[in-house]
Amino acid sequence: MPANILLVEDEPAIQELIAFNLTQAGHHVLRASTADAALMLVKNALPDLVLLDWMLPGGSGIDIAKRLRADERTRQVPIIMLTARSDEQDKIAGLETGADDYITKPFSPRELLARIKAVLRRRAPQMTDDAVEVKGLRLDPATHRVSTDGRPIDLGPTEFRLLHFFMTHPERVHSRAQLLDQVWGDHVFVEERTVDVHIRRLRSSLEGSGHDGLIQTVRGTGYRFSTQQ
Ligand code: CA
């Protein structure tokens with residue numbers, strides 16, 4: 001499960017090493033050395049996960065974590081704190097600001113990758129390879145297959161990601177901007193009507209089996225994947 005990971009680390013050697021290991025594991029890495037640069041990157045595109053160093057020039061990792069948690073748009077982004085401190089008090093402080101996990105330097109690349117996987121599984125079910133099924137509609141990320149009542153259907157890559165996101169976040173209303181952030185990873189440079197185009201395509205692929213009714217338009221707000229009428 002490749003993820004877009006924002007790495008916030010001011011020590012060039014450590015930043016390089018972590019970025020190398022994440023890239024080797026198939027992840028896409030964005031890097032920042034300061035709090036300002038990190039927040040700017042998050043403003044442009046929502047990452048799937050943030051690796052946050054504790055001590056940074058111009059604001060600590062804790063400050064960034066607090067700001068991400070305080071903003072509706074970034075509240076759900078998983079955060080793993082990186083730190084040289086192994087102090088129990090610091091660990092508690094980190095988790096209290098909303099970090100999902102905490103890893104103490106020095107750590108092995110294997111340990112870091114395992115932690116990332118665990119956090120993504122917990123916090124972002126659409127990032128995992130687990131198959132999902134709702135009322136005969138089945139999506140398997142591992143094989144990239146979708147079927148309705150056992151019959152395979154073809155979906156484009158964007159429709160596939162969109163359906164995966166919906167199926168792992170059912171019964172909630174998602175605005176177009178939220179869908180752009182979550183599915184496209186970009187709400188700045190992609191127009192909101194793009195969402196409508198892909199929703200239309202997705203519905204038409206699901207029409208044959210009647211599963212298109214699962215994707216509901218919520219007037220004036222956005223879309224919802226729901227088994228209720
Ligand atoms: Ca540092």
Side-chain angles (χ1 to χ4, degrees), residues 1-128 177-178 180-189:
M1 45 171 181
N4 291 313
I5 297 177
L6 172 60
L7 169 60
V8 191
E9 167 62 75
D10 61 314
E11 264 168 80
I14 297 177
Q15 191 197 76
E16 191 62 40
L17 183 69
I18 296 175
F20 174 79
N21 283 297
L22 295 178
T23 309
Q24 286 287 100
H27 295 299
H28 182 244
V29 185
L30 282 166
R31 308 186 201 188
S33 308
T34 63
D36 283 349
L39 292 167
M40 190 63 82
L41 287 171
V42 170
K43 205 172 163 193
N44 286 338
L46 208 57
D48 298 316
L49 184 137
V50 181
L51 283 180
L52 202 48
D53 186 27
W54 185 290
M55 300 288 282
L56 292 165
S60 74
I62 292 283
D63 294 334
I64 300 180
K66 277 186 188 156
R67 286 182 63 171
L68 294 178
R69 287 297 177 254
D71 185 341
E72 178 78 39
R73 181 179 161 253
T74 54
R75 185 165 295 159
Q76 298 294 328
V77 175
I79 299 171
I80 298 178
M81 299 284 306
L82 308 173
T83 176
R85 314 175 181 201
S86 57
D87 200 302
E88 193 64 20
Q89 276 309 111
D90 287 346
K91 179 173 178 172
I92 292 165
L95 295 175
E96 271 176 354
T97 55
D100 294 274
D101 202 357
Y102 183 102
I103 188 164
T104 308
K105 296 173 186 172
F107 46 81
S108 73
R110 254 181 89 165
E111 185 187 359
L112 178 63
L113 291 169
R115 298 284 191 101
I116 288 173
K117 199 170 173 180
V119 167
L120 286 176
R121 189 172 290 273
R122 205 160 69 229
R123 290 292 302 267
Q126 82 276 15
M127 297 300 304
T128 73
Q178 284 167 342
L180 285 174
D181 252 347
Q182 299 288 343
V183 179
W184 280 257
D186 185 339
H187 74 131
V188 178
F189 300 107

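Quick caveat: nothing in here was measured; it's all calculated off a predicted structure. Whatever order the structure lists them in is the order used to number ligands and atoms, beginning at 1. Atom set for the values below is all heavy atoms of this structure, side chains included, hydrogens, waters and symmetry mates excluded.
For the Ca ion (ligand 1), the nearest N, O or S atom contributed by Asp53 is named OD2. In Asp10, the N, O or S atom that comes nearest to the Ca ion (ligand 1) is OD1.
Under the 4.5 Å side-chain criterion, counting only non-hydrogen atoms from C-beta, Gln182 is in contact with Leu46. Side-chain contact between Leu113 and Leu22 is present, with at least one heavy-atom pair separated by less than 4.5 Å. Between Ile62 and Met81 there is a side-chain heavy-atom pair separated by less than 4.5 Å.
Between the side chain of Asn21 and the main chain of Ile18, no donor-acceptor pair closer than 3.5 Å is present.
Among the atoms of Glu11, no N, O or S atom is found under 3.0 Å from the Ca ion (ligand 1).
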